[in-house]
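Below you'll find the structure, written out as structure tokens, and then a few comments.
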Amino acid sequence: MIRDKQVRFCNTVFECVDEGFGENTPVDVVIRPEDLYIFTPSEAAQLTGVVQSSIFKGVHYEMTILCNGYKFLVQDYHQFQVGKTVGLLVKPFDIYIMKKERMYNTFEGKIVDENHVEFLGINFECLPGHQLPAGAVVKVEVDFDGVILQDNEEDGTLTGEVKFILYKGDHYHLTVLSDWDENVYVDTHDVWDDGDRVGITIPPDKIRIVP
């Protein structure tokens, strides 16, 4: 949210109807595929993109549009051919703003030694310099894109199962239930399926230790 009734996503500023989020507040934006208007490019277009796919669903066409590195799913009764440049428009009352529940992974942890911290039931290598004694209880923060998933479970520091996948326009936001029965949130460009077993790795430089 830039300010009340104004939100920025896909490198574009849109008018909306939401208030009270505060200025420059990170939020999640939801637009239903049927609420995106698609047409031949004109001055009315808020976004311009290229049709990547078009599938007839019996009643309407479902099209994927690539705009500024983001993919939009659009449902319309008129078909626009793959490769065609199109304009998109969304009205303020069709933009749904949701509070961003989390900005990064947060885990309860314990210092093992200068180079290791325990969380999620595993000793992870971390960068030295925290100057905390062994046994100190800490909070561990890991950005969503700091978590690496591997096809082979044995290649990870620990393992887990993909439980939920949310497409965020230019990447996927995954919820992975670790074998420690704690959720790990991951931003990735790779395509995974619900139920996939994965290895989970977190590089030392992606681990932030907060006393």
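With a 4.5 Å cut-off on side-chain heavy atoms, Val176 and Val198 count as touching. Residues Asp194 and Ile165 meet the side-chain proximity criterion, which asks for heavy atoms closer than 4.5 Å. In this structure the side chain of Glu118 never reaches within 4.5 angstrom of the side chain of Phe124, judged on heavy atoms. Side-chain contact between Ile95 and Ile97: present, with at least one pair of heavy atoms (C-beta onward) separated by less than 4.5 Å. Using a 4.5 Å cut-off on side-chain heavy atoms (C-beta onward), Asp18 and Lys5 make no contact. Tyr185 has its side chain out of reach of Leu174: every pair of non-hydrogen atoms, C-beta onward, lies at least 4.5 Å apart. Inter-residue side-chain proximity for Val51 and Thr64 is flagged as unmet; no heavy-atom pair is nearer than 4.5 Å. By the 4.5 Å heavy-atom criterion applied to side chains, Val86 and Thr40 are not counted as neighbours.
Between His173 and Phe144, the ring planes lie perpendicular to each other; the angle is over 60°, past the 30° to 60° tilted range. The aromatic rings of Phe9 and Phe72 sit tilted relative to each other, their planes meeting at an angle between 30° and 60°.
Considering NZ of Lys139 and CD of Glu108, their distance stands at 6.5 Å, rounded to 0.5 Å. For the atom pair CG (Leu73) and CD (Glu34), the distance works out to 9.5 Å, reported to the nearest 0.5 Å. Here the CG atom belonging to Leu177 is positioned 6.0 Å from the NZ atom belonging to Lys163, to the nearest 0.5 angstrom. With rounding to the nearest 0.5 Å, the separation of CG in Asn183 from CZ in Arg102 is 7.5 Å. In this structure, CE in Met63 is found 6.5 Å from CZ in Phe80, a value given to the nearest 0.5 Å. Considering CG of Asp190 and CG of Leu149, their distance stands at 8.0 Å, rounded to 0.5 Å.
More than 12 non-hydrogen atoms from other residues, nucleotides or ligands lie less than 6.0 angstrom from CZ of Phe39. Other residues, nucleotides and ligands place more than 12 heavy atoms under 6.0 Å from the CH2 atom of Trp192. Applying the 6.0 Å contact sphere to CD of Glu154 captures more than 12 heavy atoms from other residues, nucleotides or ligands.
Checking side-chain atoms of Gln46 against main-chain N and O of Val90 turns up a donor-acceptor pair under 3.5 Å. Between the side chain of Asp113 and the backbone N or O of His116 there is at least one donor-acceptor pair closer than 3.5 Å.
Contact between Asp179 and Gly160 at its shortest, heavy atoms only, is OD1-CA, 4.1 Å. Here the closest non-hydrogen pair linking Val184 and Ser178 is CG2-CB, 4.3 Å. The two atoms that bring Cys10 and Asn68 nearest to each other are O-ND2, 3.1 Å, heavy atoms only. Pro203 approaches Ile148 most closely through the heavy-atom pair CG-CD1, 3.8 Å. Residues Phe21 and Lys99 share a closest heavy-atom pair of CE2-N, 3.8 Å. Closest approach of Pro211 and Ile209 over heavy atoms only: CD-O, 3.9 Å.
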(message) I'd like to know whether Leu120 forms a side chain to side chain contact (heavy atoms under 4.5 Å, CB included) with Leu158, so could you lay out the CA-CA distance, the side-chain angles of the two residues, the decisive distance to 0.1 Å, and finally the verdict.
(response) CA-CA 8 Å; Leu120 292 172; Leu158 77 157; 4.1 Å; yes
(message) Evaluate Leu88 against Ile65 for side chain to side chain contact (heavy atoms under 4.5 Å, CB included), listing each step before the verdict.
(response) CA-CA 9 Å; Leu88 296 179; Ile65 316 299; 4.2 Å; yes
(request) Would you check, one step at a time, whether the test side chain to side chain contact (heavy atoms under 4.5 Å, CB included) holds for Met1 with Gln6? (result) CA-CA 6 Å; Met1 293 294 292; Gln6 199 170 71; 6.0 Å; no
(message) One pair to check against side chain to side chain contact (heavy atoms under 4.5 Å, CB included): Val210 and Val140. What are the steps and the verdict?
(response) CA-CA 6 Å; Val210 181; Val140 177; over 6 Å; no
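Taking the six-membered ring for Trp, Tyr77 and Tyr61 have ring centres at least 6.0 Å apart.
Linking ILVMFWY side-chain heavy atoms closer than 4.5 Å, directly or via other members, places Phe56 and Ile38 in a single hydrophobic cluster. Follow the hydrophobic side-chain contacts under 4.5 Å out from Phe93 and you never reach Tyr37; the two are in separate clusters. By the rule that hydrophobic residues join a cluster once side-chain heavy atoms approach within less than 4.5 Å of another member, Val117 and Val112 end up as members of separate clusters. One hydrophobic cluster, built from ILVMFWY side chains closer than 4.5 Å, holds both Trp180 and Val162. No continuous path of hydrophobic side-chain contacts links Tyr70 to Leu89 [ILVMFWY only; heavy atoms under 4.5 Å].
Under 3.5 Å, the side chains of Ser54 and Gln79 contain a donor-acceptor pair of N or O atoms. Between the side chains of Thr201 and Gln150, at least one donor N or O sits under 3.5 Å from an acceptor N or O.
Using a 4.0 Å cut-off between charged side-chain N and carboxylate O, Glu153 and Arg197 make a salt bridge. Salt bridge Asp145/Lys206: absent, no basic N to carboxylate O contact under 4.0 Å.
At least one test fails for Arg32 against the ring of Tyr96: distance under 6.0 Å to the centre or angle within 45° of the axis. Relative to the ring axis of Phe14, Arg8 does not place its NZ or CZ within 45° and under 6.0 Å from the centre.
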